[in-house]
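Reading through the structure tokens given below for one structure.
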Amino acid sequence: MKKMGRATMVFDHPPLILDSASIVGPKEGEGPLGKYFDQVWEDPMLGKKTWEEAESELQTKAAQAVLEKAGIPSAKIDYLFAGDLLGQIIATSFGLASFHRPIFGLYGACSTMGEALILSAMCLDGGFASKVLAVTSSHFASAERQFRFPLEYGNQRPLSATWTVTGSGAFIVSRAGSLAKDKGGSASGVKWENGCPRITMATPGKIVDMGVKDSMNMGACMAPAACDTIETHFRDTHTKPEDYDAVITGDLGYVGHEILVELMGKKGYDMGKVHLDCGIEIFDKDRQDTHSGGSGCGCSAVVLSAMILPRLMDGTWEKVLFVPTGALLSSISFNEGKSVPGIAHAVVLEQGQMRKGAAVFHL
């Protein structure tokens with residue numbers, strides 16, 4: 001691994017995302033991506049007694065699903081990188097305890113999936129592991145209870161508000177292996193084994209606080225951080241928006257999307273043609289009454305699994321910049337009148353297809 005510019009990492013042996021799984025609740029299943037999720041649960045409680053237990057179950061099921069899909073036993077996973085939105089990341093602690101694997105508990109608010117993928121890639125590229133599991137989750141009801149109002153209160157939500165996604169995404173990330181030869185004995189393959197997408201670069205973000213105190217307008221809180229990370233990435237790598245098939249933020253929603261495009265425009269970058277947002281993609285805001293879109297640790301995770309990776313694998317996209325965003329607040333900081341800082345982490349994902357004559361890596 002080497003450093004490029006101010007903050008960007010370039011991986012010498014780009015780790016592969018072997019497989020993924022997405023588990024969601026009923027509202028997410030009714031959205032535009034419903035048919036692409038691995039499991040849609042009609043019961044948002046997932047058979048549990050509390051919302052928090054339900055969120056833990058989302059993580060358990062997502063981790064089980066991806067291991068089953070990949071045909072890899074949990075004993076082959078070296079480390080877990082996982083987190084959620086709840087206090088002391090209890091959804092992760094209880095959801096993944098049964099796997100009995102070494103774990104790094106993470107908190108980056110809704111940017112946690114970006115953080116998990118970056119740390120996974122660093123660990124693998126550095127030779128400290130062979131396979132790791134990255135998992136995040138969120139749940140509408142558990143998030144409302146912790147950050148906003150009791151559901152029984154029935155408060156009105158402003159149009160700037162986002163809807164926390166009930167869902168969990170899990171990803172097996174693996175170190176690239178040795179060269180594989182084709183039947184003729186020469187290394188003349190045409191694609192990575194199984195077409196696995198690669199994590200080629202990453203730009204961790206820094207905390208950006210513009211003094212926004214409206215916790216019901218997450219897009220405004222997070223857009224400046226997304227702008228800072230994306231601009232840093234472009235400057236570090238000498239790239240521009242048109243070098244990517246898509247620049248996909250985590251959960252800025254419609255409000256944050258407009259702010260980001262405007263901010264980047266002032267810096268000389270035209271994001272209008274390439275910018276997508278997971279919070280916009282996951283819901284139909286008019287039909288589902290989700291206002292500014294979706295949010296939560298599970299938002300970018302399940303959209304990455306259900307929409308982004310498949311498009312990289314089937315050749316629709318060759319290279320995307322995945323930028324999960326997070327609002328770093330708590331009920332305590334909000335009640336004490338603090339502002340809501342933002343953070344965003346950027347991950348470059350490239351399709352597994354290689355030019356003819358290039359080597360094929362296998363695991």
| Is Asp228 salt-bridged to Lys206, cutoff N-O under 4.0 Å? |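 Salt bridge flag = yes for Lys206 with Asp228.
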| Would you call Lys69 and Asp38 a salt bridge, taking side-chain N to carboxylate O under 4.0 Å as the test? |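 Here Lys69 pairs with Asp38 in a salt bridge, since their nearest N and O are under 4.0 Å apart.
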| message | Per the side-chain hydrogen bond (donor to acceptor under 3.5 Å, both in side chains) rule, what does the pair list look like for residues 81-96, sequence neighbours excluded? | response |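 Sorted pair list: Gln59-Thr92, Asp84-Thr92.
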Under the side-chain contact (heavy atoms from CB on, under 4.5 Å) test, which residues partner [X], sequence neighbours left out?
X	value
Cys278	Ile248, Cys299, Ser300, Val303, Ile308, Phe322
Ile207	Leu328, Pro341, Ile343
Gln39	Ile23, Trp41, Lys61, Ala65

For the residue pair [X] and [Y], establish whether any side-chain heavy-atom pair is separated by less than 4.5 Å.
X	Y	answer
Ser168	Glu55	no
Phe11	Arg198	no
Phe140	Val165	no

| field | More than 12 heavy atoms from other groups under 6.0 Å of CZ on Phe94 | value |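 Incorrect, the count does not exceed 12.
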| task | Evaluate whether atom CE of Met210 has more than 12 neighbouring non-hydrogen atoms of other residues, nucleotides or ligands under 6.0 angstrom away. | result |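 No, because the 6.0 Å sphere around CE of Met210 holds 12 heavy atoms or fewer from other groups.
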| field | Residue of the set Asp251, Thr325, Thr162 for which side-chain hydrogen bond (donor to acceptor under 3.5 Å, both in side chains) holds with Ser295 | value |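 Option passing the side-chain hydrogen bond (donor to acceptor under 3.5 Å, both in side chains) with Ser295: Thr162.
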| task | Sort out for me which residue in Asp243, Thr237, Asp236 forms a side-chain hydrogen bond (donor to acceptor under 3.5 Å, both in side chains) with Thr239. | result |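 Exactly one pass, corresponding to Thr237.
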| task | For the residue pair His257 and His275, categorise the inter-ring angle as parallel (less than 30°), tilted (30 to 60°) or perpendicular (more than 60°). | result |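 Taking His275 first and then His257, their aromatic rings lie parallel (interplane angle under 30°).
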| query | If you look at every heavy atom in Ala220 and Ile259, which pair is closest and at what distance? | reply |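 Heavy atoms of Ala220 and Ile259 come nearest at CA-CD1, 3.7 Å.
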Do [X] and [Y] have a side chain donor and acceptor closer than 3.5 Å?
X	Y	result
Arg6	Thr232	yes
Thr249	Asp277	yes
Ser305	Ser20	yes

| field | Residues in ring pair (Phe, Tyr, Trp, His ring centres under 6.0 Å) contact with Phe81, at least two apart in sequence or another chain | value |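 Ring pair (Phe, Tyr, Trp, His ring centres under 6.0 Å) check on Phe81 returns Phe104.
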| Taking only residues two or more places apart in sequence or in another chain, which ones pass ring pair (Phe, Tyr, Trp, His ring centres under 6.0 Å) with His345? |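 None.
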| Do the numbers put Lys240 on top of the ring of Phe234, so that NZ or CZ is under 6.0 Å from the six-membered ring centre and no more than 45° off the axis? |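 Verdict for Phe234: no cation-pi partner in Lys240.
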